Colleague: 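Mind having a look at this structure? Questions to follow.
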Amino acid sequence: MAGLKAILRETFGARADGVTPATTAADIPGWDSLQMVNIILAVQSRFGIVLRNRDIDAIDCVGDFASLIDRMIG
């Protein structure tokens, strides 16, 4: 979760303060589809993983994203 939070802070600055596992894209101003692509690319780069479309489609909140990352890095 810490690595994902760092990426969100890098992407959104202060708007990402207070991110919790329950935070959704709708909770952070400016988190649109383009920013999601940027976040996905940053996650893949930072953690050395490749996210599949079906996995990305299942992400509803930051907690889901963090769990996906944890599963993929083992």
Side-chain angles (χ1 to χ4, degrees):
M1 184 74 172
L4 180 56
K5 280 185 171 183
I7 290 170
L8 294 175
R9 275 193 303 278
E10 291 165 9
T11 304
F12 300 109
R15 292 175 288 171
D17 289 348
V19 168
T20 69
T23 300
T24 66
D27 297 327
I28 300 178
W31 189 339
D32 56 16
S33 58
L34 179 59
Q35 289 296 14
M36 185 63 169
V37 170
N38 290 332
I39 294 164
I40 290 165
L41 293 173
V43 164
Q44 292 181 135
S45 177
R46 179 166 294 177
F47 296 105
I49 59 177
V50 175
L51 301 173
R52 297 175 300 207
N53 286 341
R54 69 175 181 222
D55 294 327
I56 294 165
D57 291 342
I59 297 170
D60 292 323
C61 61
V62 171
D64 292 344
F65 212 156
S67 293
L68 173 61
I69 294 166
D70 286 344
R71 281 194 315 271
M72 294 192 81
I73 62 174

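Nothing fancy with the numbering, it's 1 onward along the sequence. Please read these numbers as outputs of a predicted model, since none were measured by experiment.
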Colleague: Between D27 (side chain) and T23 (backbone), is there a donor-acceptor pair under 3.5 Å?
Modeller: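 Not a single qualifying donor-acceptor pair exists.
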Colleague: Roughly how far, to the nearest 0.5 Å, is CD1 of I69 from CZ of F47?
Modeller: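 CD1 of I69 is found 5.0 Å from CZ of F47.
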Colleague: So M1 and V62, side chain to side chain contact (heavy atoms under 4.5 Å, CB included) or not? Walk me through it.
Modeller: CA-CA 8 Å; M1 184 74 172; V62 171; 3.4 Å; yes
Colleague: Kindly indicate whether the side chain of V50, heavy atoms from C-beta on, has any atom under 4.5 Å from the side chain of M72.
Modeller: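 V50 vs M72: side chains apart.
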Colleague: Report the C-alpha separation of I28 and V19 in whole Å, then their side-chain angles, then the decisive distance to 0.1 Å, and conclude whether the side chain to side chain contact (heavy atoms under 4.5 Å, CB included) test is met.
Modeller: CA-CA 9 Å; I28 300 178; V19 168; 4.0 Å; yes
Colleague: Out of curiosity, M36 CE to I39 CD1, how far, rounded to the nearest 0.5 Å?
Modeller: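 It is 6.5 Å, given to the nearest 0.5 Å.
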Colleague: Do you know the tightest heavy-atom contact between P21 and C61?
Modeller: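 Closest heavy-atom pair between P21 and C61: O-SG, 3.3 Å.
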Colleague: Tell me the closest heavy-atom pair linking A66 and L4, and the distance in Å.
Modeller: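 Residues A66 and L4, closest heavy atoms: N-CD2, 3.7 Å.
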Colleague: Within the structure provided, determine whether I49 and L68 are in side-chain contact (heavy-atom separation under 4.5 Å).
Modeller: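 Not touching, per the 4.5 Å side-chain cut-off.
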Colleague: Roughly how far, to the nearest 0.5 Å, is the CG atom of L51 from the CG atom of L41?
Modeller: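 Answer rounded to 0.5 Å: 9.5 Å.
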Colleague: Provide the closest heavy-atom pair for A6 versus R46 in the form atom of the first, atom of the second, distance.
Modeller: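 Looking at all heavy atoms of both residues, the closest pair is CB-NH1, 3.4 Å.
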Colleague: Can you spot which of I7, D55, I40 makes a side-chain contact (heavy atoms from CB on, under 4.5 Å) with F65?
Modeller: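 Answer after filtering I7, D55, I40: I40.
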Colleague: Examine the side chains of Q35 and N38 and answer whether a donor and an acceptor come within less than 3.5 Å of each other.
Modeller: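 Yes, a side-chain donor-acceptor pair sits under 3.5 Å.
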Colleague: Once you round to the nearest 0.5 Å, how far does CH2 of W31 lie from OG1 of T11?
Modeller: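 Going from CH2 on W31 over to OG1 on T11, the span is 8.5 Å.
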